[in-house]
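Just so we're on the same page: letters track the sequence lines, and every chain starts at 1.
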Amino acid sequence: MAEAQFRTPKGTHDLLPEDHVFMTYIKKAVRHRARQAGYKRIETPLFENRAIFERGIGAHTDIVEKELFMVSSKHGTDDDSQPEFALRPEFTASICRSYVEHGMQQLPQPVELYAIGPCFRHDRPQKGRYRQFNQFNFEIIGLKDASLDAQLIQVLSRILEDLKILDRLCLQINNIGTAENRGAYVEALKDYFIGKERNLPDLDRKRLETNPLRLLDSKEEDTQILLKSAPTLEQFLNDESKAYHETVLEYLDELGIAYQPNPGLVRGLDYYTQTVFEYWDESTGAQNAVGGGGRYDPLIELLGGSNTPGIGFACGMERTVWQMKQAGIKPPNKDQVDVFVAQLGPEAKKTCLSLISQLRDSGVHTIGALGEASLKSQMRLADKFGVRYTLLLGQMEVKEGVIILRDMAAGKQKQIKFDTAVPAIIKLIGDKNLDTYMLKDHMGEEDG
RNA sequence: GCGAGAUUAGCUCAGUUGGUUAGAGCGUCCGGUUGUGGUCCGGAAGGUCAUGGGUUCAAGCCCCAUAUCUCGCCCCA
């Protein structure tokens, strides 16, 4: 066997069958909760004009400065101009672009949309951090009310509950006010640290220059001690923001959603205003957010639309899967094979083809060994697939118009008429367990 | 982008102070007398020891570089 010559690019992974069932399970929960709440699904391109991200997310954020996956539409390397496109690092900017592009302000407001799919960041890979990863994402655009903030959080909460990982996570919530509030606060914070820089660790001294708000969630002990007597962001919030925050928390109480107010919660994207929140796993110590989001009232206007409020969240699906595995949650396996068809001899093989086909069309998960392997090997295969029943067809049976039906768990078998094989299997498995579907009842929502 | 640790069969790992032909378990495949699984027994396949250099009479083992993975930082999903 030759050594594998090719492998997945750095930070990307094959999603093998045993893990893929987690993804389909999560998607199912997402679709279910989305439909219940009237969200409609949207899909945007994997790549967009890079300016959408640069303008929307903020040119000086890490996501844009060092994590954007650039895409050039041109071949070759002779072209030294900047790439025109970038792979999406998240959904929100794309969905807002779509809202503006398709005149969705003409629809009844708010417009509630959700999306599921891969996003890309040119990061150094780490646990729960990959260059290609999947998110599910919810947005409410066009109407601002504290009740919508609470309802949006509720959708995420319900999905995490459905997946049985909600109790592992803690909802952190904060209000970071308007851009003006934050501007005033940053000035005050800088003033406060004048003369105290020497007590700050190197990293945080730099942050004071580049992104002072980040000091709030610094892990450095010295910094946290200094922050205790520093001005707080809360003191700089305008009355409207304070009242809004109070109302959001009231509504969360009303909905029975547990939360932990966190004045230090600051999200790194420029477009956030007012409400921000994250679901954390506190046990890991690190603030590894499974999902999070917030209000982005200035974003639509930044992307060329009219002044339109919005709020949304994104949840990392790989991180969700990790939580499920830690919690010992296993999605139901629908790939279970019901029947194995073993065969001996050319006549039998030929007959098996249509038998297998009939079983499958009836909704019985059926596989057959159509190679030339010995019966022993075929039976071993049947065992490995864990089938409940095996149908055996040899030369003799073909001649006599019969077939052997073996119950694998019981280890017993009997000969029945060939024509009764399909109905007999269906009866044994039970109508309810047949895998049949009518396309009209499932309008293309079961995949993807 | 910065720091640390890893890399031996499909998987999980042994491999002595450098010393002949590279080891196990699991998994895979094939057998264990006419056409019957799980347990049991036997056999086989599968490795340029991540890649490329270097030191040495001799390298899986020592040195350097590169790649990838893992764990931190930054940041985030």
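Here B:rG37 presents its P atom at 17 Å from CG of A:Leu391, a figure rounded to the nearest Å. Look at CZ on A:Arg121: it is 6 Å from C1' on B:rC76, rounded to the nearest Å. Atom pair A:Trp280:CH2 and B:rC75:P shows a separation of 13 Å (rounding to whole Å applied). Atom CD of A:Gln343 and atom C1' of B:rU36 are 14 Å apart (whole Å). Per the geometry, CG belonging to A:Leu163 stands 15 Å off C1' belonging to B:rA77, to the nearest Å. Regarding A:Asp123, its CG atom lies at a distance of 13 Å from the P atom of B:rU70, rounded to whole Å. Atom P of nucleotide B:rC2 and atom CZ of A:Arg124 are separated by 7 Å, given to the nearest angstrom. For A:Arg131 and B:rC75, the CZ to P distance is 19 Å, given to the nearest whole Å.
Across every strand in view, B:rG5 sits in a pair with B:rC69 that passes the Watson-Crick or G-U test at under 3.5 angstrom. With a cut-off of 3.5 Å on both pairing distances, B:rC74 has no Watson-Crick or G-U wobble partner at all. Using N1 to N3 plus N6-O4 or O6-N4 for Watson-Crick, or N1-O2 and O6-N3 for G-U wobble, each under 3.5 Å, B:rU21 pairs with nothing. Base pairing analysis places B:rC62 opposite B:rG54; the two distances defining the Watson-Crick or G-U wobble pair are each below 3.5 Å. Nucleotide B:rG37 forms no Watson-Crick or G-U wobble pair with any nucleotide shown, as no partner meets the under 3.5 Å limit on both distances. Applying the Watson-Crick and G-U wobble criteria (two distances, each under 3.5 Å), B:rA45 pairs with nothing in any strand. Across every strand in view, B:rC26 sits in a pair with B:rG10 that passes the Watson-Crick or G-U test at under 3.5 angstrom.
No engagement by A:Phe340 is indicated, since no non-hydrogen atom pair under 4.0 Å with the nucleic acid exists. Nucleic acid contact for A:Gly11: sugar-phosphate only, since backbone atoms but no base atoms lie under 4.0 Å from a heavy atom of the residue. Nucleic acid contact class of A:Gln413 (heavy atoms, under 4.0 Å, all strands): base. Contact annotation for A:Gln378: no contact, since no heavy-atom pair falls under 4.0 Å across all strands. Among the protein residues, A:Gly345 comes within range of no part of the nucleic acid, since none of its heavy atoms lies under 4.0 Å from any strand.
Between B:rC11 and B:rC73, the two C1' atoms lie 32 Å apart (nearest whole Å). Comparing the same atom, C1', in B:rA67 and in B:rU51 gives a spacing of 7 Å after rounding to whole Å. Between the C1' atoms of B:rC62 and B:rU56, the separation comes to 10 Å (whole Å). Using C1' as the reference atom, B:rA44 and B:rU48 are 22 Å apart when rounded to the nearest Å. Nucleotides B:rC29 and B:rG46 have their C1' atoms positioned 11 Å apart, rounded to a whole Å. Comparing B:rG5 with B:rG47, their C1' atoms are spaced 24 Å from each other, to the whole Å. Straight-line distance between the P atoms of B:rA50 and B:rU16: roughly 15 Å, to the nearest whole Å. The gap from the C1' atom of B:rU33 to that of B:rC26 amounts to 31 Å, rounded to the nearest Å.
Candidate nucleotides B:rC74, B:rG37, B:rC75 were compared by shortest atom distance to the side chain of A:Glu67, and B:rC75 ranks first. Checking B:rC74, B:rG37, B:rA77 against the side-chain heavy atoms of A:Arg319 singles out B:rA77 as nearest. The side chain of A:Ala289 lies closest to B:rA77, out of B:rA77, B:rC76, B:rG72. Distances from the side chain of A:Arg129 to the nucleotides B:rG38, B:rC74, B:rA4 place B:rC74 closest. Side chain of A:Ile63, nearest nucleotide from B:rC71, B:rC76, B:rU36: B:rC76.
Applying the salt bridge (charged side-chain N to carboxylate O under 4.0 Å, His left out) test to every pair with at least one member in residues 335-346 of chain A, sequence neighbours left out, gives no pairs at all. Counting only residues at least two apart or on different chains, the salt bridge (charged side-chain N to carboxylate O under 4.0 Å, His left out) pairs with a member in residues 116-140 of chain A are A:Asp123-A:Arg129. Sorted by first and then second residue, the pairs that involve residues 157-166 of chain A and meet salt bridge (charged side-chain N to carboxylate O under 4.0 Å, His left out), not counting sequence neighbours, are A:Arg33-A:Asp162, A:Arg158-A:Glu161.
Checked by distance alone, A:Asp383 brings no side-chain donor or acceptor within 3.5 Å of a matching partner on the base of B:rG38.
Aromatic rings from A:Tyr114 and A:Tyr39 are positioned such that their centres are separated by 6.0 Å or more.
With rounding to the nearest 0.5 Å, the separation of SG in A:Cys352 from CG in A:Leu344 is 9.5 Å. Here A:Gln132 contributes atom CD and A:Glu318 contributes atom CD; the two are 8.5 Å apart, rounded to the nearest 0.5 Å.
With sequence neighbours excluded, no residue forms a ring pair (Phe, Tyr, Trp, His ring centres under 6.0 Å) with A:Tyr25. By the ring pair (Phe, Tyr, Trp, His ring centres under 6.0 Å) test, A:Tyr130 is found to be paired with A:His13, residues two or more places apart in sequence or in another chain being considered.
A pairwise comparison of heavy atoms in A:Phe133 and A:Pro89 identifies CZ-O, 3.9 Å as the closest pair.
Residues A:Pro9 and A:Pro89 each lie close to RNA chain B; by heavy-atom proximity, the contact nearer the 5' end of the strand is made by A:Pro9.
The phosphate of B:rC71 has OP1 or OP2 within less than 4.0 Å of a side-chain N or O from A:Lys127.
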Annotated protein contacts, base or backbone, on nucleotides 25-35 of chain B with a non-hydrogen cut-off under 4.0 Å, one of B, S, - each: ---SSSBB--B
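Each of A:Phe138, A:Tyr272, A:Tyr279 was compared with A:Phe313 under the ring pair (Phe, Tyr, Trp, His ring centres under 6.0 Å) criterion, and only A:Phe138 meets it.
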